[in-house]
Amino acid sequence: MKNRLFNFHNYNKYLFNFGSSNKYTDVILNRSTNSTIRNYNVNYRRLTTTLNNDCYYINNGSSLKSIVGRSTGTDSSSCSLSNFRYFSSVGKTTHTKLKETIYALSSGAVKSGVAIIRVSGPQSMTALQQLTRKVLVTNSSTSTTTTTTSSDYNIVPRMTVLSNFYDPTSGEQLDRGMYVWFQGPNSFTGEDVLELHIHGGRAVIHDMLEALSKVDGLRMAEPGEFTKRAFENGKMDLTEVEGLADLLDAQTNQQRKIALQQMQGSIGKLYTELRDQLIRASAYMEAYIDFGDDAEIEPAVVEQSKQRIIAIRNKIMKHLTDGKRGEKLRDGATVTIIGPPNAGKSSLINLLANRRASIVSPIEGTTRDVVEVMLDIGGYPVILGDTAGIRESTDVIEREGVSMARDRVLNSEITLCVFDCNALIKSNGKIEPMLLDLIDCNTIFLFNKIDLLLDDDNNNKWKETKQQILQQIYEAIRQQPLRQSLFKVNNVFSCELSCSNQTGIKDLLSRIELYLKELFEINEKEAPLLTRMRHKEHLINCVESLNNYLEYCDTDVVIASEELRSAIRSIGSITYHVNVDDLLDVIFKDFCIGK
Ligand SMILES: Nc1nc2c(ncn2[C@@H]2O[C@H](COP(=O)(O)OP(=O)(O)OP(=O)(O)O)[C@@H](O)[C@H]2O)c(=O)[nH]1
């Protein structure tokens, strides 16, 4: 193991290198308080927990190497590496908190074949012993309990075992099922975890939960508490926690895909890499500030840092301008139905939603508000909205409805413009100018009530009118100042429809799916999509700090370097424990109990 010590302004910085890696892990202590980690981790992804004022634990999650640092002095001379204990540990965690053992039903609460109760914490083994009425001992390499007697049952972690379960006080048998024991830290939460696979009847679940409540030191888990412990124990970073929440909420297979990627660390990896690059650039700056003169560090290092930082900033900016695709994929693409009154807009939304979401009536101007339904089209989430018929009106409420329709169109990925083809024949193909204003290349044109064109005469008239209409549409789109188009597909698509007999519905759905595919297509080489406003805000702050850095780096390297640290903190807040206490409650309370 090699190490180096730098003294930076207010900080003592220690770089550690574990023999197997060429990269350094750094720990920076604030010199004035000499107790605060200001920065950490080139190589190590997760800060597990601050144990107390002067002792720190860093865990890289996968190989479980850790550092415990202890500072004793107040200046750089006394705060040297000798004051640090550092070691490589396998399977040992040094937590001082989280002593309580929690339990909850982790599967759904409805009657089912199998239900799973999860228990996490130091008393998990006691709970298992009391429920099975056996003396169980662990015998794995990392275990401290290895002596067995003839009455002991060896318990092998991660092995499913068939067993009876009993009430710990009355001794009554409650169920016969299976259990799996996970020895911390090799578990979801990082603690000792017990999973009880029992029959999913209400009485069995109720009685098993009651039995667990009788075990000393156990209490019911709060919503999201298992995941919170996993996070606090360095098993997941914040983006992975959010990915898990999204995975549990996923309604469509595309939402599932993106959530799974995030839960497996794709976004976390991206931000960790960017942060690492910033830390490296910052290290050059700091070295220049501290040792520029006596260590023969060329001013060129500042220029090199600058170039690196410009490249990183541009990368973040590009990531920020991905057209909200990630957010849309997570929350749903906005699709809006517009058209003249009575064209069949509400009939269409009801047909697509397969329920009576919006009122259908022959009275013109029935729909006033925006009526929304959530749909799954080809695996993509869609928020489809029915709107008021577009026409000039003196009615205040109807005008408000039209105004809402217009606003929604401007924020939509796709617009479905519905016409009544018979009404178009009668009006000699005249389209309301207000409606023409709202169409663009993201609009799909639907000519409804085609079932009413009963005879040849009507059909011929419709063919002529349709040509006329399409001309107007092409002209209107050409004149339309380009609304930001998210699609590569920009050829006008029109389709004849009947909401009465469902003609054309299949074609319409295929076309919407094609658009959505274009919109959400994920290029393998592309960075993972930005899925959350929280990430976006931190990235914007990071870019702002980097811009400030670039403004000052030629004139005041100290200010510049502080801006760089601020940028690092911003990007670190996306994945780490940095300034996120207030945020944790918000994230974890979205989880259900048992997760
Ligand atoms: N024959 C026929 N009638 C239809 C079709 N689609 C809708 N209608 C009828 O047309 C009338 C108006 O339908 P709505 O769906 O309420 O029309 P809308 O565009 O929502 O009307 P507004 O609320 O006024 O904007 C109703 O009587 C529907 O039953 C169709 O495909 N064929």
Side-chain angles (χ1 to χ4, degrees), residues 334-375 382-409 412 414-427 429-439 443-459 461-463 465-466 469 473 493-512:
T334 311
V335 179
T336 304
I337 306 177
I338 57 166
N342 236 8
K345 301 179 294 302
S346 303
S347 306
L348 179 62
I349 199 171
N350 290 352
L351 192 59
L352 294 176
N354 209 8
R355 67 183 168 91
R356 250 188 90 219
S358 192
I359 301 172
V360 171
S361 102
I363 302 164
E364 289 196 353
T366 303
T367 308
R368 303 291 178 93
D369 258 333
V370 175
V371 177
E372 288 188 340
V373 296
M374 205 58 203
L375 296 182
V382 164
I383 310 166
L384 180 66
D386 180 22
T387 62
I390 305 281
R391 67 172 171 188
E392 293 289 355
S393 170
T394 49
D395 182 318
V396 184
I397 299 171
E398 191 171 359
R399 280 199 346 232
E400 181 60 26
V402 171
S403 156
M404 282 163 70
R406 290 161 67 112
D407 289 348
R408 198 171 195 279
V409 167
S412 294
I414 303 171
T415 310
L416 306 181
C417 185
V418 184
F419 296 99
D420 172 348
C421 55
N422 301 281
L424 286 174
I425 295 171
K426 280 187 198 142
S427 70
K430 195 168 174 301
I431 303 178
E432 173 71 51
M434 270 168 86
L435 194 57
L436 282 175
D437 275 354
L438 293 179
I439 62 176
T443 310
I444 292 175
F445 299 91
L446 303 167
F447 302 114
N448 190 30
K449 305 193 191 180
I450 205 78
D451 57 289
L452 294 179
L453 299 175
L454 295 173
D455 53 37
D456 287 350
D457 187 31
N458 260 335
N459 271 308
K461 276 188 194 155
W462 168 238
K463 274 183 197 149
T465 312
K466 189 177 172 187
I469 298 286
I473 286 171
F493 177 78
S494 65
C495 166
E496 281 162 355
L497 204 72
S498 167
C499 289
S500 291
N501 64 22
Q502 306 200 8
T503 304
I505 294 293
K506 241 179 154 181
D507 286 350
L508 170 63
L509 286 172
S510 315
R511 190 63 180 192
I512 297 175

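We number each residue from 1, following the sequence as shown. Atoms within each ligand, like the ligands themselves, are counted from 1 in listed order.
For ligand 1, the atoms closer than 4.0 angstrom to any heavy atom of Lys345 are 15 (O), 17 (O), 18 (P), 19 (O), 20 (O), 21 (O), 22 (P), 25 (O). Within ligand 1, the atoms closer than 4.0 Å to a non-hydrogen atom of Thr366 are 22 (P), 23 (O), 24 (O), numbered from 1 in the order shown. Atoms of ligand 1 found under 4.0 Å from any heavy atom of Gly344, numbered from 1 in the order shown, are 7 (C), 13 (O), 14 (P), 15 (O), 17 (O), 18 (P), 19 (O). Shown in contact with Leu452 at under 4.0 Å from a heavy atom are these atoms of ligand 1, numbered in order with element: 1 (N). Near Asp451, the atoms of ligand 1 lying under 4.0 angstrom from a non-hydrogen atom of the residue are 1 (N), 2 (C), 30 (C), 31 (O), 32 (N). The ligand atoms of ligand 1 that sit less than 4.0 angstrom from a heavy atom of Pro341 are 24 (O), 25 (O). In summary, the atoms of ligand 1 found under 4.0 Å from a heavy atom of Gly389, numbered by their order in the structure, are 25 (O).
Between the CG atom of Asn448 and the CG atom of Leu416 there is a distance of 11.5 Å, given to the nearest 0.5 Å. Leu497 CG to Ile444 CD1: the interatomic distance, rounded to the nearest 0.5 Å, is 11.0 Å. To the nearest 0.5 Å, atom OG of residue Ser498 and atom CG of residue Leu446 are 12.0 Å apart. In this structure, CD1 on Ile473 lies 5.0 Å from CD1 on Ile431, to the nearest 0.5 angstrom. The distance from atom CG of Asp507 to atom CD of Glu496, rounded to the nearest 0.5 Å, is 10.5 Å. Interatomic distance, CZ of Phe419 versus CG of Leu435, reported as 5.0 Å (0.5 Å rounding).
Other residues, nucleotides and ligands contribute more than 12 heavy atoms inside 6.0 Å of the CG atom of Leu452. Other residues, nucleotides and ligands contribute at most 12 non-hydrogen atoms within 6.0 Å of the CD1 atom of Ile397.
Here Ser361 has backbone heavy atoms under 4.0 Å from ligand 1, and that is the only part of it that gets that close. Both the backbone and the side chain of Asn342 come within contact range of ligand 1, each with a heavy atom under 4.0 Å. Heavy atoms from both the backbone and the side chain of Val360 come within less than 4.0 Å of ligand 1. Contact annotation for Glu364 and ligand 1: only backbone heavy atoms (N, CA, C, O) come within less than 4.0 Å of the ligand.
The closest approach between Ala343 and ligand 1 falls below 4.0 Å for a heavy atom of the residue. At least one heavy atom of Ile363 sits under 4.0 Å from some atom of ligand 1.
Inclusion of Cys499 in the set of residues having an N or O under 3.5 Å from an N or O of ligand 1 is warranted. Taking only nitrogen or oxygen atoms, main chain and side chain alike, Ser346 reaches within less than 3.5 Å of ligand 1. Checked against a 3.5 angstrom limit, the closest N/O atoms of Ala388 and ligand 1 fall outside it.
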Go through the steps to decide whether Ser393 and Asp395 satisfy the test side-chain hydrogen bond (donor to acceptor under 3.5 Å, both in side chains), and finish with yes or no.
-> CA-CA 5 Å; Ser393 170; Asp395 182 318; 5.3 Å; no

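Between Met404 and Asp369, the closest side-chain pair of non-hydrogen atoms falls below 4.5 Å.
Nearest to atom 6 (N) of ligand 1 by heavy atom, out of Ile359, Asn448, Asn501, Val371, is Asn448.
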